[in-house]
Amino acid sequence: MQKCNEYVDKRIADYKNEIQLIKESIASNDQGNSEDDDAGNGKLFNDLEKNMEHLNDATKTKEHLKQIKTNIDSTDAMLGSIVKTNIMNFYISTSIGKIEIDDDTYFAISLNSPIGQLLKNKCEKDVFEFNQKKYLITEVI
């Protein structure tokens with residue numbers, strides 16, 4: 001959970017920084033007020049809009065992470081579970097991809113993702129197939 005929060009916090013900070021830089025560029029171009037500046041501002045406004053959308057998505061992800069309860073003891077895979085298989089390990093949280101912790105690799109996935117849906121409510125020794133590979137669940141934490 002800590003790694004997921006660090007990842008999302010960095011994304012939020014990066015988007016906020018980029019938005020600030022774009023706003024400064026727009027303000028700088030407004031002072032010059034030539035036709036080239038107007039065309040440049042159009043691109044800057046598009047970049048600003050895209051970064052605002054990315055920031056909004058990252059903020060929603062942060063809110064989603066706050067809803068995950070890490071102290072629930074369940075033998076079934078659910079939001080907040082670590083699922084270890086014979087092929088790879090998963091952390092059911094949000095789709096941010098590969099996380100390295102100590103010498104172990106986990107893939108942070110959303111419960112709504114295709115593999116998240118396959119893992120939902122599965123428990124130790126259950127088998128499922130994904131991308132023509134058979135996975136054996138060895139542990140649910």
Side-chain angles (χ1 to χ4, degrees), residues 1-124 126-141:
M1 178 61 86
Q2 180 182 346
K3 290 282 188 181
C4 289
N5 278 310
E6 288 171 4
Y7 174 86
V8 173
D9 289 343
K10 182 179 180 336
R11 282 185 55 208
I12 289 172
D14 289 348
Y15 291 131
K16 284 182 177 179
N17 185 43
E18 188 65 24
I19 288 166
Q20 184 60 38
L21 290 172
I22 292 169
K23 286 181 177 179
E24 289 170 6
S25 293
I26 290 170
S28 173
N29 283 353
D30 283 347
Q31 291 172 357
N33 210 13
S34 72
E35 277 188 36
D36 288 342
D37 290 339
D38 289 342
N41 274 357
K43 182 179 179 337
L44 287 170
F45 279 119
N46 284 341
D47 290 346
L48 179 63
E49 188 175 312
K50 286 179 187 173
N51 277 283
M52 295 289 280
E53 288 174 16
H54 292 311
L55 176 59
N56 188 35
D57 289 344
T59 303
K60 285 179 184 176
T61 299
K62 182 73 174 173
E63 289 303 312
H64 176 73
L65 287 174
K66 287 179 183 177
Q67 296 174 6
I68 297 173
K69 305 208 180 343
T70 56
N71 57 353
I72 293 175
D73 190 21
S74 175
T75 56
D76 294 345
M78 56 193 264
L79 188 63
S81 294
I82 292 173
V83 181
K84 295 185 176 189
T85 74
N86 60 321
I87 298 176
M88 61 181 56
N89 303 318
F90 301 96
Y91 176 48
I92 304 174
S93 54
T94 189
S95 295
I96 62 171
K98 189 175 181 180
I99 298 174
E100 300 281 339
I101 300 175
D102 299 324
D103 291 330
D104 293 323
T105 301
Y106 299 87
F107 288 88
I109 61 167
S110 166
L111 192 57
N112 294 326
S113 69
I115 198 159
Q117 287 295 298
L118 290 172
L119 288 172
K120 185 177 180 180
N121 298 323
K122 295 275 193 275
C123 57
E124 188 176 324
D126 281 348
V127 176
F128 66 96
E129 191 172 325
F130 185 72
N131 287 342
Q132 291 98 33
K133 290 182 183 176
K134 285 195 187 253
Y135 291 76
L136 169 66
I137 297 175
T138 57
E139 187 176 12
V140 177
I141 303 170

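Nothing fancy with the numbering, it's 1 onward along the sequence.
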Task: K120 atom NZ: more than 12 heavy-atom contacts under 6.0 Å - done: no
- [ ] Taking the side chain as every heavy atom from C-beta outward, state whether T105 and K98 have any atom pair closer than 4.5 Å.
- [x] yes
- [ ] Could you check K60 against E63 for salt bridge (Lys or Arg N to Asp or Glu O under 4.0 Å), going step by step and ending with a plain yes or no?
- [x] CA-CA 5 Å; K60 285 179 184 176; E63 289 303 312; over 6 Å; no
Task: Heavy-atom side-chain proximity of V8 to L65 below 4.5 angstrom - done: yes
Task: Residue pair I137 / K84, side-chain heavy-atom distance below 4.5 Å - done: no
- [ ] Evaluate ring pair (Phe, Tyr, Trp, His ring centres under 6.0 Å) for Y106 paired with Y91, printing each intermediate quantity in order.
- [x] CA-CA 6 Å; Y106 299 87; Y91 176 48; 7.9 Å; no
Open item on the list: Between N5 and M1 (side chain of the first, backbone of the second, donor and acceptor by atom type, cut-off under 3.5 Å), is there such a pair?
Closed with: yes
Open item on the list: A side-chain contact here means heavy atoms from C-beta on lying under 4.5 Å apart; do E100 and D104 qualify?
Closed with: no
Task: Side-chain donor or acceptor of S74 paired with backbone N/O of D76 under 3.5 Å - done: yes
Open item on the list: Angle between ring planes, F90 versus Y135, binned at 30° and 60°: parallel, tilted or perpendicular?
Closed with: tilted
TODO: In plain terms, say whether E18 and K16 are close enough for a salt bridge, that is, a side-chain N and a carboxylate O under 4.0 Å apart.
DONE: no
Open item on the list: Can you tell whether the side chains of K62 and D9 come within less than 4.0 Å, N to carboxylate O?
Closed with: yes
TODO: Spell out, as yes or no, whether a donor-acceptor pair under 3.5 Å connects the side chain of Q117 to the backbone of L111.
DONE: yes
Open item on the list: Check whether T59 reaches the backbone of L55 with its side chain - one donor and one acceptor, N or O, closer than 3.5 Å.
Closed with: yes
Open item on the list: So does E24 get a backbone contact from the side chain of S28, meaning a donor-acceptor N/O pair under 3.5 Å?
Closed with: no
Open item on the list: For Q2, I'd like to know if atom CD has over 12 heavy atoms of other residues, nucleotides or ligands within 6.0 Å.
Closed with: no
Task: Check: F107 and I99 side chains under 4.5 Å, non-hydrogen atoms - done: no
Open item on the list: What I want to find out is whether E53 reaches K50 closely enough, with some N-O distance under 4.0 Å, to be called a salt bridge.
Closed with: no
